[in-house]
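For reference, the structure is listed below as structure tokens.
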Amino acid sequence: MVEEENKYNHQAIEPKWQRRWEEAGLYQAKDNSLRPNFYCLIEFPYPSSDGLHVGHPRSYTALDILARKKRMEGYNVLFPIGFDAFGLPTENYAIKVKKNPAEITETNVDRFRRQLKSLGLSFDWSREVITTDPQYYKWTQWIFLQLYKAGLVYQKEMPINWCPSCKIGLANEEVVGGNCERCGTPVTKKNLKQWLFKITKYAQRLIDDLEKVDYLEKIKTQQVNWIGRSEGALIKFEIRNSKFETNSKSEIPNSKHYVEVFTTRPDTLFGATYMVVSPEHELVTDILGQIANRREVEDYVKKAKAKSDLERTDLAKEKTGVELKGIKVINPVNQKEIPIWVADYVLMGYGTGAIMAVPAHDKRDFEFAKLKNLKIICVVDPGNTENINPANTFKYPFRKKIEKPGKPVLYTTGDVGYKWDAEKIYKEILNGETCYEGNGIAINSNQFNELKTEEFKAKITKWLEKERVGKKAVNYKLRDWIFSRQHYWGEPIPLVHCEECKKNNKPIVWIIHGSPSRNKSQDQGYTGEENQHWIPWLKESLEAKGVVVYNPRMPKAWQPDYQEWKKAVEKLEINENSVLIGHSAGGAFLPRWLGETKKRINKLILVVPGKVANEDNKRLHHFYDFKIDQTIKERVNEIIIFISDNEKDYRKKSSKIYSKLLGGRLITIKGTGHFTFEDMKTKEFPELLDEISFLPVGVIPVPEKDLPVELPKVKNYEPTNTGESPLAAIKDWVDVKCPQCGGKGKRETDTMPNWAGSNWYFIRYTDPRNDKEFASKKNMKHWLPVDIYNGGMEHTTLHLLYSRFWYKALYDLKLVPGPEPYSKRISHGMVLAEDGKKMSKSLGNVINPDEVVKEYGADTMRMYEMFMGPFSEAIPWDTKGIVGVRRFLDKICKLKVQNLKLKTTAQNSKLESLLHKTIKKVTEDIENFRFNTAVSTLMELANAMEKQKELPLTHYKILVTLLSPFAPHLSEELWEKLGHKESIFKEEWPKHDPDLAKESEVEFVIQVNGKVRDKMQLPADISEEEAISKAEQSKKIKKHLSGKQVVKKIFVPGKLLNIVIR
RNA sequence: GGGCGAGUGGCGGAAUUGGUAGACGCGUACGACUCAAAAUCGUAUGAGCGUAAGCUCAUGAGAGUUCGAUUCUCUCCUUGCCCACCA
């Protein structure tokens, strides 16, 4: 039995404490506590049928250690857990074994729960959420509807991966090397209507707000790069039909007589020798009748469209393309005619889908120009040969690198044996024989010659704007988020399609402006001449999109009268999808009118709203006593108020009042006064246009009271052979009464991606059982934002970005307390298999955590996973290495049995000092996620204690306390054995004494010319003079100094002395 | 091809406002205990030369800055992750 005492008997101890902790509710967070809060979050797991992976406990233990320490430091800690259970693997498994995914999920979650509990993690299980629970996804659907009503969701035809043999749509991960994962058939594309989220609208804020949060730098850069902001210019190239020698608009259908390109290098405009449009570009179809080689082009486009993205990428080496013969475009800067090509190396998804090709200064254009024998004009002189970096140049067709040890790196071209020679390359660049992508000095650019690249960019952008052929523009790589999934096992999208409502739901915009016309006789709905106001521009832009626009002339513009104005709008068409814009007095009129008439509309946009006329007071300037019916908030999906920053104060004030009373979003435009009577220079108002959007026509949200829209229980989960979701086949479920008109409606059958549930689960944790709201304002305010969030790097660009996006959108709707969900984000490294590869069933290298726990115990497993290496890096598993930490835990037990003769006090300054240094180091290491060194520090302390003949009880207790977050079961057991009635986790975290933690003596190093020649024990605070004199006494040093001249001495206090000799 | 990381003994790793390279652990060797083994404990353990004191070389490669570089700069190599003809 004594033997037993010596060792950590984990099989007896661990389950016992897990039970006791649960019974005591030791880890439950309090929603109303006077202690400071700490919200500590891990990414909730996907309960796969493989069970827990050894990678899970690594990050969970890490945050568990932090959570336990924080509790001991007096924090009220929220450390929740749940399951992200929707998704493809479960669905596919369900199909395979012919079971309901819900059943499978339940089994898997049970297993995960048991496995997680066996690790002794201090989760607050009372707050567990599962995304597949209808009581949870009710709120996922509810949030979707809020964002839908805010105009952030739209529908678009998008290609999906399609297996022509299985006749099903495939997720990206089901496409392996361009082939279907199941049957190996090459995957093609199929166009389907998909729901998309307008994440691009938030692109800038998603970049800017990274300043507000503490994420690992690499996470920030990855997000910034993913969003991919680039500054440049949009430039219009006029189309000319060379056959007819004309540029008249009528030659081109759709009145489109120019092609717009985006470029980050407007300074190379003079070098644009041809243009390329992507095969999907609308120009290609618009202009087909005009071109000479119609059949060839049609053929090419057809082929290019059939290619999957992967193919288009794989074929990158051989560029292809076809010229659009018979038409040309005009380079706006020099009126030169240039040819226009269609080629699939240009993608529709980025920029405008068309580029100006500058072969002298872009590798891809250069390659293409060489292939098709197109003109190359150099417009950037590198300046001098030193600027020529091989990385910035491109020799056609190949560039090989030759490296010999001790020699500079050589570059060769083809088989010629050409050597890297800056002079020669310089000449080639100027002759257009080599492509140069760097910056430099402008040549061949007329009035812009001699300008440096950056200056050129600024100047030409201004010139383009002045000439109305282009403008400064910002472009993002980020694309809108495709939200639809054609699968069963996801949250149903809570929408109903209704044919009847479609008819009554067309997009209508009212523009109501009350200000008087300068010319009183003019019959127009805005002030001033046509070319002096943004309203005509807005009207034209909207009408071009097929929107019905009403811009009535309001009677008595000088003295607006509510009753007369009411009459003026009486007959205008309006519906629930309408956007109403009120400017100035019109902005005051609309809220009152909407209040009285009780109309439902989509959006209300007020542009510097004035004060409304009431019956007693008819002078516009005195209308302070306006009335606003606040109930309109409930009947309008979104309310926006525009104001400019140099508006007069009283207007600013009134705008703010509107914003506050109506709950509207206030947008301030900087710069010129867009809207004032005096300064009507604004002829275009794109910020306003951006805010005008319509709900999809004929698509009705499911009313909140009818949520959740539950997944029907059916026998067959197989995808349909039309590409639709399996739900489409369930007629009883699809057919539903239209919630708006009561007529025949059909449910949306697409489901949400599993990012949906995981986008907001951390909000639900704050109030997981609330059945009135997705979470109460009070609890959200209490806990959010999350103090620390840990997860894998693979989620940086998807989950993390999506959930920041939703949170911001919810913030704009005033539904969450701040603009950012997570204050701090860190990430863990993967646990690899023993062979250094990813663990996978097929490789047979998977480690089962259950077996590790059974053999070595949870505490050992926890300690090992912390000790194996730096937390943020990928580390291979090493079963042999586990015994080291196991021995360490046994040693801790043994210390109690053997050395604890336990004098309660003892004078041992060395141990004392080490103890306090350990407290300091372990505390700091936990805060900074350096768990591996925290563990080794504890080991060092234990090793030192082991050597003591008599170990003071107080010191031993501190060791056990420091150990407790890492090895909670063992520590709790020892704590009880040491006679404590209360849990160790109710103890206070030890604090170090800075004086004791300091070293009094150090091993002082004496160097000669930077090489260590002697070491001596000296006081830590030794002065330079003393150190020098000590050094001079050293025989070893004397030996090295003899016969040499001392040049100087470098003294680093408490560390070393370096004597430099010659 | 682009972006972001990482490269240190036989192995996992430690050490960075530039200051003793290899903490801690694994493994290995020898020893103690044992009839024996396991477990445990002790000693040693980067490489080379040397009986030794000691010296030299070593942090992916090469250069540079510095009294001093694993740490900073440049060029390159290898490797991991994410993305990919991003204009």
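The sequence lines fix the lettering, A, B, ..., with proteins before strands; numbering per chain opens at 1.
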- Message: Suppose you measure atom P in B:rU65 against the same atom in B:rA53; what distance do you get, rounded to whole Å?
- Response: 37 Å
Side-chain N or O of A:Lys880 closer than 4.0 Å to phosphate OP1/OP2 of B:rG27 = no
With syn defined as a glycosidic angle within 90 degrees of 0 and anti as anything else, the base of B:rG9 is syn
Exercise. OP1 or OP2 of B:rG54 less than 4.0 angstrom from a side-chain nitrogen or oxygen of A:Lys1036, does that happen here?
Worked result: yes
- request: Under 4.0 Å between any heavy atoms, over every strand shown, what does A:Met793 touch: base, sugar-phosphate, or nothing? Just pick one.
  value: nothing
Could you measure between the two P atoms, the one in B:rU79 and the one in B:rC26, and give it in whole Å? 32 Å
Between CG of A:Leu216 and P of B:rA6 the distance, given in whole Å, is 12 Å
Rounding to an integer number of angstrom, what distance separates B:rU40 and B:rG22 when you compare their P atoms?
27 Å
Among B:rU20, B:rC86, B:rC24, the one nearest any side-chain atom of A:Leu1056 is B:rU20
Considering only the C1' atoms, how many Å lie between B:rC76 and B:rA14, rounded to the nearest integer? 28 Å
Rounded to whole Å, CD of A:Gln222 lies from C1' of B:rG80 at a distance of 13 Å
Query raised in the report: Any chance NZ of A:Lys891 has more than 12 other-residue heavy atoms, nucleotides or ligands included, within less than 6.0 Å?
Result: yes
OP1 or OP2 of B:rA14 less than 4.0 angstrom from a side-chain nitrogen or oxygen of A:Asn932, does that happen here? yes
Applied to residues 1048-1061 of chain A, the side-chain hydrogen bond (donor to acceptor under 3.5 Å, both in side chains) test, sequence neighbours excluded, yields none
| query | Looking only at side chains, do A:Tyr864 and A:Thr879 share a donor and an acceptor under 3.5 Å apart? | reply | no
Sorted by position of nearest nucleotide on RNA chain B, 5' first, the leading residue of A:Gly351 and A:Glu873 is A:Glu873
From CZ of A:Arg930 across to P of B:rC24 the rounded distance in Å is 18 Å
Hey, does the side chain of A:Arg1013 come within less than 4.0 Å of B:rC55's phosphate (OP1/OP2), counting only N and O?
yes
Tested for side-chain contact (heavy atoms from CB on, under 4.5 Å) against A:Pro266, the lone hit among A:Val333, A:Val261, A:Ile460 is A:Ile460
query: How about A:Tyr476 and A:Trp226: are their ring centroids closer than 6.0 Å?
result: no
Quiz item: Any chance the side chains of A:Asp365 and A:Tyr345 put a donor and an acceptor closer than 3.5 Å?
Solution: yes
Side-chain atoms of A:Lys1055 come closest, of B:rA87, B:rG19, B:rG54, to B:rG19
Of the candidates B:rC86, B:rG19, B:rG12, the side chain of A:Arg479 sits closest to B:rC86
Open item on the list: Between B:rA69 and B:rA61, how far apart are the two P atoms, rounded to whole Å?
Closed with: 15 Å
Per atom distances to the A:Asn943 side chain, the nearest of B:rC81, B:rU20, B:rG25 is B:rG25
Rounded to whole Å, CH2 of A:Trp226 lies from C1' of B:rC82 at a distance of 8 Å
OP1 or OP2 of B:rC26 under 4.0 Å from side-chain N/O of A:Arg887: yes
Using the P atom as the reference point in each nucleotide, state the distance between B:rG13 and B:rC81 in Å, no decimals.
16 Å
Which of B:rU20, B:rC4, B:rC26 is nearest the side chain of A:Glu1003? It is B:rU20
**Message:** Contact between A:Ser827 and A:Ile219 at the side-chain level, heavy atoms closer than 4.5 Å - yes or no?
**Reply:** yes
Per nearest nucleotide of RNA chain B, the residue lying toward the 5' end, A:Glu794 or A:Ile875, is A:Ile875
Separation of B:rC83 atom P from A:Leu798 atom CG, nearest Å, is 7 Å
Verify whether one side chain among A:Arg229 and A:Gln204 offers a donor that lies under 3.5 Å from an acceptor in the other. yes
Regarding the side chain of A:Lys1039, the nearest nucleotide among B:rA23, B:rG12, B:rG54 is B:rG54
A:Lys891 has its side chain closest, among B:rC26, B:rC41, B:rA87, to B:rC41
Distance check: side-chain N/O of A:His1040 vs OP1/OP2 of B:rC55, anything under 4.0 Å?
yes
(Q) Is A:Lys894 close enough to B:rC41 that one of its side-chain N or O atoms is under 4.0 Å from OP1 or OP2 there? (A) yes
### Query
Quick one: is B:rU20 close enough that its OP1 or OP2 comes under 4.0 Å of any side-chain N or O from A:Asn1058?
no
Exercise for review: With heavy atoms under 4.0 Å as the rule, sort A:Lys218 into base, sugar-phosphate or nothing.
Suggested key: sugar-phosphate
| Between B:rU66 and B:rC85 - C1' atom distance, rounded Å | 45 Å
Paired with A:Glu43, the side-chain hydrogen bond (donor to acceptor under 3.5 Å, both in side chains) test is passed by just one of A:His795, A:His799, A:His828, namely A:His795
A:Gln1007 has its side chain closest, among B:rA14, B:rC86, B:rG19, to B:rG19
Separation of B:rG25 atom P from A:Met866 atom CE, nearest Å, is 18 Å
Of the candidates B:rA87, B:rG12, B:rC67, the side chain of A:Lys1048 sits closest to B:rC67
Atom NZ of A:Lys1038 and atom P of B:rG54 are separated, to the nearest Å, by 16 Å
- Charged N-O contact under 4.0 Å between A:Glu924 and A:Lys920: yes
Taken to the nearest whole Å, CG/A:Asn225 to P/B:rG5 is 10 Å
If we take the P atom in both B:rG68 and B:rC41, what is their distance in whole Å?
-> 45 Å
Per atom distances to the A:Val1052 side chain, the nearest of B:rC24, B:rG12, B:rG19 is B:rG19
For residues A:Ser230 and A:Asn475, is any side-chain donor paired with an opposing acceptor at under 3.5 Å?
no
Stem ranges of RNA chain B by first residue number, counting only runs of at least 3 Watson-Crick or G-U pairs under 3.5 Å, come to B:1-7 with B:77-83, B:10-12 with B:24-26, B:27-32 with B:40-45, B:46-49 with B:54-57, B:60-64 with B:72-76
